[in-house]
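Below is one structure, written out as structure tokens; the observations come after it.
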Amino acid sequence: MKHKIAPSLLAADFLNLQKEVEMINNSEADWLHMDIMDGVFVPNISFGFPVLDAVKPILKKPMDVHLMIVEPQKFVKEVAEAGAYMMNVHYEACTHLHRTIGAIKEAGMKAGVTLNPHTPISLLEDIIQDLDMVLLMSVNPGFGGQRFIEHSVNKTARLKEMIRAKGLDTLIEVDGGVNLETGKRLLEAGADVLVAGSFVFSSPDPIRTIKELKEM
Ligand SMILES: O=C(CO)[C@H](O)[C@H](O)COP(=O)(O)O
Ligand SMILES: [Fe+2]
């Protein structure tokens with residue numbers, strides 16, 4: 001399967017959001033990645049449901065929502081109503097992860113679990129069979145434009161091996177510091193979906209940059 005590219009709206013020009021979403025529609029991007037932060041789970045606040053609701057009617061690609069919030073289970077309904085295709089919750093934010101995954105699927109969405117850079121993949125041993133995707137953070141969540149954490153390549157390869165050994169088809173998405181160089185190594189290690197924020201939106205030609213990421 002050809003890998004997917006999910007540009008992260010966090011790095012977009014918020015004064016021209018409609019233009020940015022139309023750029024995504026006209027590009028080879030597969031998904032649009034949306035980062036919701038609460039200032040508690042991560043030391044930053046991004047945007048919330050009003051922004052997702054505004055984007056929903058004009059977006060022609062699936063919405064990949066990454067919740068960096070405490071108690072994400074409280075917002076399953078809101079995320080579904082905002083039109084999300086994939087809802088990603090952090091492993092570190094969920095006490096009853098199995099129940100939350102069930103609720104996400106019942107609401108008609110695909111379910112993803114996100115791991116912070118320090119969280120070992122071994123913790124997924126008894127939940128991975130219920131997941132559509134694992135989202136590996138390759139930076140500490142909270143900000144765009146950070147430096148890629150090298151260990152993420154090895155972590156991706158080990159997760160791929162775990163998925164293969166269990167005979168699953170769970171997707172691996174990697175988020176943070178992705179560019180053509182880190183992206184290539186992540187794909188070689190087995191990543192299926194690459195999130196790219198600043199690399200896409202600070203490019204002088206984002207459509208071309210997305211194409212380059214797609215053609216790696
Ligand atoms: O979840 C995130 C930050 O917490 C973003 O998706 C990520 O940082 C993308 O930005 P960049 O590609 O600039 O690193
Ligand atoms: Fe993200």
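For ligands, and for the atoms within them, numbers begin at 1 and follow the listed sequence. We use all heavy atoms of the structure for the numbers below, so side chains are in, but hydrogens, waters and symmetry mates are not.
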**Study point:** Distance, nearest 0.5 Å, that separates CD1 of Ile172 from CG of Leu136
**Key:** 6.5 Å
Review point. In Å and rounded to the nearest 0.5 Å, what is the CG to CD1 distance from Asp130 to Ile104?
Key: 11.5 Å
Point to revise | Main-chain N/O of Gly190 paired to Thr156 side chain as donor or acceptor, under 3.5 Å | key: no
Review point. What part of Phe143 sits under 4.0 Å from ligand 1 if we count only heavy atoms: the side chain, the backbone, both or neither?
Key: backbone
Check your understanding: Any donor-acceptor pair under 3.5 Å linking the side chain of Asp38 with the backbone of Val70?
Key -> yes
Revision key, fill the gap. For atom 14 (O) of ligand 1, the closest protein heavy atom turns out to be Gly177 N, 2.9 Å
**Study point:** Numbered atoms of ligand 1 (with element) below 4.0 Å of Ala196, judged on heavy atoms
**Key:** 12 (O)
Review point. Any N/O of Gln146 closer than 3.5 Å to an N/O of ligand 1?
Key: no
Review point. Nearest protein heavy-atom contact for atom 13 (O) of ligand 1: which residue, which atom, what distance?
Key: Ser198 OG, 2.5 Å
Exercise for review: Check side chain to side chain contact (heavy atoms under 4.5 Å, CB included) between Pro62 and all other residues, then give those that pass, not counting sequence neighbours.
Suggested key: Trp31, Tyr85
**Study point:** Subset of ligand 1 atoms that lie under 4.0 Å from at least one heavy atom of His66
**Key:** 1 (O)
Practice item. Find, among atoms of His66 that are N, O or S, the one nearest to the Fe ion (ligand 2), and state its name. Key: ND1
Check your understanding: Who gets closest to atom 9 (C) of ligand 1 by heavy atom: Val178, Asp175, Ile36, Asn140?
Key -> Asp175
Practice item. Measure the distance from atom 4 (O) of ligand 1 to every protein heavy atom, then report the residue, atom name and distance (to 0.1 Å) of the closest one. Key: Gly142 N, 2.8 Å
Check your understanding: Which of parallel (below 30°), tilted (30 to 60°) and perpendicular (above 60°) describes Phe47 and Phe14?
Key -> perpendicular
**Study point:** N or O pair under 3.5 Å between Gly145 and ligand 1
**Key:** yes
Exercise for review: Just do the side-chain contact (heavy atoms from CB on, under 4.5 Å) check on Ile24 and Glu20 with the steps written out, would you?
Suggested key: CA-CA 6 Å; Ile24 294 295; Glu20 299 281 52; 5.8 Å; no
Check your understanding: What's the verdict on side-chain contact (heavy atoms from CB on, under 4.5 Å) for Asp192 and Lys160, showing C-alpha distance, side-chain angles and the deciding distance?
Key -> CA-CA 10 Å; Asp192 303 291; Lys160 192 72 175 184; 3.3 Å; yes
Study note, to complete from the structure: Of all N, O or S atoms in His33, the one closest to the Fe ion (ligand 2) is NE2
Point to revise | Electrostatic pair Lys110-Asp64, nearest N-O below 4.0 angstrom | key: no
**Study point:** Option of least heavy-atom distance to atom 10 (O) of ligand 1 (set: Pro141, Ala6, Ala11, Gly144)
**Key:** Gly144
Check your understanding: Can you list the atoms of ligand 1 that are under 4.0 Å from a heavy atom of His33?
Key -> 6 (O)
**Study point:** For the Fe ion (ligand 2), the closest N/O/S atom belonging to Asp35
**Key:** OD1
Practice item. Give the atoms of ligand 1, by number and element, whose distance to some non-hydrogen atom of Met137 is under 4.0 Å. Key: 1 (O)
Revision key, fill the gap. Ranked by distance from atom 5 (C) of ligand 1, the top protein heavy atom is Asp35 OD2, 3.1 Å
Review point. With only distance considered, is Leu10 within less than 3.5 Å of ligand 1 through an N or O on each side?
Key: no
Check your understanding: Taking N or O atoms only and a 3.5 Å limit, does Met68 qualify as a polar contact for ligand 1?
Key -> no
Exercise for review: Give the atom name of whichever N/O/S atom in Asp175 sits closest to the Fe ion (ligand 2).
Suggested key: OD2
Point to revise | Asp35 vs His33, side-chain hydrogen bond (donor to acceptor under 3.5 Å, both in side chains): CA-CA, chis, key distance, verdict | key: CA-CA 7 Å; Asp35 291 305; His33 184 85; 2.9 Å; yes
Review point. Under 3.5 Å, is there a donor-acceptor pair linking the side chains of Thr209 and Ser203?
Key: yes
Check your understanding: So how far is it from Met68 CE to Asn140 CG, rounded to the nearest 0.5 Å?
Key -> 12.0 Å
Check your understanding: For Gly197 and ligand 1, does the shortest N/O to N/O distance drop below 3.5 Å?
Key -> yes
Review point. Are Glu125 and Lys166 within salt-bridge range, i.e. N to O under 4.0 Å?
Key: yes
Study note, to complete from the structure: In ligand 1, the atoms that come under 4.0 Å of a heavy atom of Gly176 are 14 (O)
